[in-house]
Amino acid sequence: MTTLSYRDAVRRALDEELARDENVIFFGEDVGRSGGVFKVTPGLFEKFGPDRVRDTPISETAIVGAGIGAAITGLRPIVELMFADFAAVAYDQIINQAAKMRYMSGGQIKVPLTIRMAQGGGMSFGAQHSQCCEAWFMAVSGLKVVVPSTPADALGLLKTAIRDDNPVVFLEHKALYADYGEVPDAEHLVPFGQANILRAGHHVTIVAVQRMLRMALKAAESLAAEGIECEVIDLRTLVPLDLETVLTSLRKTNRLITVEESPLAGGWGGLLTSRILDEAIWYLDAPVVRVTMGESMVPFSPPLEAALIPNEQHIIAAVHRLGIKP
Amino acid sequence: MTTLSYRDAVRRALDEELARDENVIFFGEDVGRSGGVFKVTPGLFEKFGPDRVRDTPISETAIVGAGIGAAITGLRPIVELMFADFAAVAYDQIINQAAKMRYMSGGQIKVPLTIRMAQGGGMSFGAQHSQCCEAWFMAVSGLKVVVPSTPADALGLLKTAIRDDNPVVFLEHKALYADYGEVPDAEHLVPFGQANILRAGHHVTIVAVQRMLRMALKAAESLAAEGIECEVIDLRTLVPLDLETVLTSLRKTNRLITVEESPLAGGWGGLLTSRILDEAIWYLDAPVVRVTMGESMVPFSPPLEAALIPNEQHIIAAVHRLGIKP
Amino acid sequence: MLSPSLSAPQRHTMLRQMLTIRAAEDQVQTLFVENVISGTTHLANGQEAVAVALAAHVQAARGDTVTCTYRGHSHALALGMGLQPFFAELMGKAAGCSKGKGGSMHLTDLSIGLIGTFAVVGAGLPITLGAALTAQVKHSAAVHFTLFGDGAVNIGAWHESLNLAAVWRLPVILICENNLYGEYTPYALTSPVPNVADRAAAYGIPARIVDGQDAEALHAVLLEAVQHAQSGAGPTLVEAKTYRYRGHSRTDPAAYRPPGELEQWLQRDPIHILADRMIADGQLTPAAFDTLSHDIDSQVEAAVQWALQQPYPDTSTLYEDIWA
Amino acid sequence: MLSPSLSAPQRHTMLRQMLTIRAAEDQVQTLFVENVISGTTHLANGQEAVAVALAAHVQAARGDTVTCTYRGHSHALALGMGLQPFFAELMGKAAGCSKGKGGSMHLTDLSIGLIGTFAVVGAGLPITLGAALTAQVKHSAAVHFTLFGDGAVNIGAWHESLNLAAVWRLPVILICENNLYGEYTPYALTSPVPNVADRAAAYGIPARIVDGQDAEALHAVLLEAVQHAQSGAGPTLVEAKTYRYRGHSRTDPAAYRPPGELEQWLQRDPIHILADRMIADGQLTPAAFDTLSHDIDSQVEAAVQWALQQPYPDTSTLYEDIWA
Ligand SMILES: Cc1ncc(C[n+]2csc(CCOP(=O)(O)OP(=O)(O)O)c2C)c(N)n1
Ligand SMILES: Cc1ncc(C[n+]2csc(CCOP(=O)(O)OP(=O)(O)O)c2C)c(N)n1
Ligand SMILES: [Mg+2]
Ligand SMILES: [Mg+2]
């Protein structure tokens, strides 16, 4: 085991996969010579050279499109879109082209493309640099959507993404880049579609990812002092979605809270709860509470932003609202 | 009352609003001289002239952006994006700019912009010309999302959209253009946020919009013959969402089915069911069933497309699955 | 420019391909009117020379690829898509090139280098860049072609693609089929410069304007472009001045055309330009031309009949081909 | 080009504005380092001449508008945004120009014609087109300005906007602040032509390259462009060659710059170019310059102190300003 930051875990994954397979290439704005805006990728340009690690013009549509074309013709490109919010300028290439080309070609085409971007708030970046964008990509079929929460998962899921034969939207949370965690020294792959139970409990199931997971764990810690035991689940990937782990937990707790860093209409909680409602309504002893940002944009002002994004207090309030007692 | 097609109802709304307010302008690809790809807008160019009704280059980003800028500076533009699927190439302007500018400016800016587009399948247009795209716009806050199902609503909701001071995504269903219906002769405005109960019943509440509403009504008709009475609700607008009407119905039926022309992860049913689950779980006597397209793209092949998109049979099966008896 | 004439066999191939495309698309129109083909379709009658000149240069075995637009029947057939999978696809049959899932606007056949015909304007260009990137990274001699219309040059993807192709000196050939209209709107209403080629200077890349009705002239210009790309010098923009005889798509009667315009272009039909030249050069007789046309019509007719008899895909295939 | 010199009062205004911008941005940097301002910021030290030349032409009362980029402090202040709402906004205070909801990258003040500083590269251009469309439809004399960097010219929105502005002959002035870098990447790595202005021909519009450090030269070029727009002749592309002294944003030490480059540009500081000229023309003395600088520093300092004392917005305002 080594202690690694989330940032360095991402870099290690890129480094290992670039070294492992010469078909892996990587490009995006400022990712090469200067190591990226989030300082995630220094050294790769020097190590793998200008053919395989490239700086691009500010042309997200061309970046994603070139990634698709390279993927179709035998490479395994990783492209970076910097802030996830910018995926909006390349949205057609992502959701209409990358996601659908295999289907439209009757299975002839495969698109082993990884699209990396940094999402999320909490850093006073304002409304256009702070969004959690999972819902944009989940709205269509054909894209795997990955949301690593820990350094080990950032490493293991990114390596899996690069090896996957499908287009993968890989959403790093920018507020986690400086988080440290234990990472195996040996090759580490984390399969898609396996949620992770980070804390066991029997009073309520709390499902979250990324920065909200941190909040959920803090809330669970506080609640434990009151004698309320929360089961905290990290979904890890949203497509594919590991419903089974959530259902198993629900069979025990009979209560569900989701914590989402997005507007109510734009999170993954609607999908999750509707699936549970279809398959397992009888397990529920209480309303499902989605702790979200409501109807909102992300304000710049630090205290406003802090009030908007779900935190420990919001989660504790939700648990109390459900009337959960020790 | 006059009988009008959905297509002509849209044109009447445009015509009336262009005539009523000289600040209303309208532009898009081929909408002027040739009356539009869906033949919705003939005559407007001739009537209102090239200043107010304009053909544009194939530049959706510039079209939406110009609509935003004109809206901010005092006009009430309507822009057309033809197939809703193409909104993907202008996604940034829609969700990052139009939707957020008022908020980011602390309320200084208003964006009275209507973005019209034609969505939906059932016409063998393939994967990139058949999507229902509501979820793309609901994923962020700041956009009203309107989904008219009848000629009268197409007229009344579009007029309301044009007069609204916020950006409105107005989604016409292309398979409904040739549908006829009664439309008031007098000025007709339909307010946003008021769902419509199209058929009363007490066994189950079926919520749908647009082409799926037609399917729901057919299913309700068939089920009535079995003695099962469905309450069929047309949401009309997804943002704002009239939860109250659905809840009132649920208090009576205690069972909910949604019918959505989209993949499971990309419909409005997840939001709806999660809100009901939070506010009214105790009204539910059965799982909520979402009748959707599952995980899928829209195939070209007519029999495949027909099998994919929810129809009367799928809905009847869902009702039976819930074990509803006369 | 006086283009060097091609050999008799090369000319025969191009003639045969153009006749095949013409006959096939005429059948498509009929099948549409008869409701055997549903949805929409975009025919290229009049533009066949571009497709066959292109096809003469594409070597799938070398790794070459092509992307084009929804108006892509001509390119697919010229590149070598069989008439059977072609018609089957348009009818939504299981035997279609894309198992019926694509349809007229989404033809793919990787075995002939056809990545796809793209239904979103401009979407194919950046994808061809990626294919060219593969060639560059792998140091292969493959050349990559992307086709688009005169209306497509105003969409952002077009610009980003020309720029990136230029900056990275990618082995790409960008072919504009300038048929004077984007849907129903004439070029001059949407573009402020007389030629699409006038925009190449903005990217520092060479551009050539060529008679889009003359398959041989096109062939020569594309040859230069291929050599330019293979030399490592990067992309070339080729603007073929051409015309579509029919409306934009099947519902369009093309009422926006000035009177006489169609008739003028019919005078310069690409099939007849080549055939006449071959007759003048003693490589073809009018009788042989008729026989050839007749043969091709029969082949096309046979393929249609075959496709008509094919089954639709089983609905069990609905959720297949989503994930690799 | 020999630009006609401006009057002494005009020069004084520009000098004062440049000094204000410089002093304010120096304070911004300090406040960042002290963590009083959070998030990110993009300073324009060295580029002030563009902002003040622009401001001399913008008449909000006539309906003129401006959009610029996240590197927009200079434009906001030159156009007349008060130092108090400016600093308050950057600190996220309720008294900010956008009630603290926008921040450094999203400054809006409609009373001075500032629609916004846009954080997505290229997003402001089409929005300015719309403002110009209003002017055209209403037959007003308003002129609309949009500013962008050298890196922005490769994004689709830029292309679509230049084309539409040209086709519709909109009263728009497109100003490129070419500061040699887009983030950390030099212009030549991402653009294949030497000047941004070289692209104007692709849209059939006039372009002017101008010394971006010389406020008067900029003023003259913009005057021409304004007259061109008001005559109904449409847009002009103006490329100002300039330089930012600091890195791209606060976290960037600008290690990618070749040694000596910054020093060379510091020799051509826009404030000193104008001040020296005024001194040579007898319109300013070194002592008066020092007094002016000092006065401005005090004003800026006072505004900072004021803003520091302002309250943060109440969390009850969180869900306000979403809907009109
Ligand atoms: C992004 C996008 N916008 C609009 C359309 C609708 N559309 C389909 S074809 C077409 C015209 C294209 O004209 P051109 O590029 O000249 O090609 P041609 O059809 O003449 O071959 C348009 C506007 C589309 N498919 N994609
Ligand atoms: C669409 C988009 N892509 C990427 C970014 C990230 N980004 C912010 S500024 C910038 C560089 C812009 O350079 P330039 O246009 O030269 O302006 P400058 O910062 O030099 O003033 C980039 C890439 C963005 N904001 N928006
Ligand atoms: Mg055309
Ligand atoms: Mg720059």
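Worth knowing before you read on, the calculation uses all heavy atoms, side chains too, and leaves out hydrogens, waters and symmetry mates. Every chain is numbered from 1 and lettered A, B, ... according to where its sequence line falls, protein lines coming before strand lines.
- Among all heavy-atom pairs drawn from D:Ile322 and B:Tyr103, the shortest one is CG1-CD1, 3.7 Å.
- One finds the CE atom of B:Met104 at 11.0 Å from the CG atom of D:Leu107 (value rounded to the nearest 0.5 Å).
- A donor-acceptor distance shorter than 3.5 angstrom exists from the side chain of B:Asn166 to the backbone of D:Ala324, with no hydrogens or angles considered.
- Side-chain contact between D:Trp323 and B:Arg102 is absent, with no heavy-atom pair separated by less than 4.5 Å.
- The nearest pair of heavy atoms linking B:Phe27 to D:Leu133 is CE2-CD2, 3.6 Å.
- For the side-chain contact (heavy atoms from CB on, under 4.5 Å) with B:Gln108, the lone residue among D:Thr108, D:Leu114, D:Ile115 that qualifies is D:Thr108.
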Item to complete: Assess whether side chain to side chain contact (heavy atoms under 4.5 Å, CB included) is satisfied between B:Asp51 and D:His139, documenting all intermediate values.
Response: CA-CA 10 Å; B:Asp51 246 15; D:His139 304 287; 3.5 Å; yes

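- In this structure, CG on D:Leu110 lies 10.0 Å from OG1 on B:Thr73, to the nearest 0.5 angstrom.
- Comparing D:Cys97, D:Gly102, D:Ala131 by heavy-atom pairs within less than 4.5 Å of chain B, the highest count is held by D:Ala131.
- For the atom pair D:Asp109 CG and B:Ser105 OG, the distance stands at 10.5 Å (nearest 0.5 Å).
- B:Pro57 places a side-chain heavy atom less than 4.5 Å from the side chain of D:Asn163.
- The minimum heavy-atom distance between D:Leu164 and B:Ala66, with the atom names listed, is CD2-CB, 4.4 Å.
- Paired with B:Ile72 under the rule side-chain contact (heavy atoms from CB on, under 4.5 Å), one option of D:Ile127, D:Thr65, D:Thr67 passes, and it is D:Ile127.
- At a threshold of 4.5 Å between non-hydrogen side-chain atoms, the residues B:Asn23 and D:Lys138 count as touching.
- Counting heavy-atom pairs closer than 4.5 Å to chain B, the top residue among D:Lys99, D:Glu89, D:Gln136, D:Lys101 is D:Lys101.
- For the pair B:Met101/D:Phe118, a side-chain contact is recorded, criterion being any heavy-atom separation below 4.5 Å from C-beta on.
- Contact of the D:Trp168 side chain with the B:Arg54 side chain is registered, since non-hydrogen atoms from C-beta on lie closer than 4.5 Å.
- The shortest side-chain heavy-atom distance between B:Glu22 and D:Val137 does not fall under the 4.5 Å cut-off.
- Taking chain B as the reference chain and counting heavy-atom pairs below 4.5 Å, the highest number among D:Ala132, D:Ala123, D:Ala135, D:Pro126 is found for D:Pro126.
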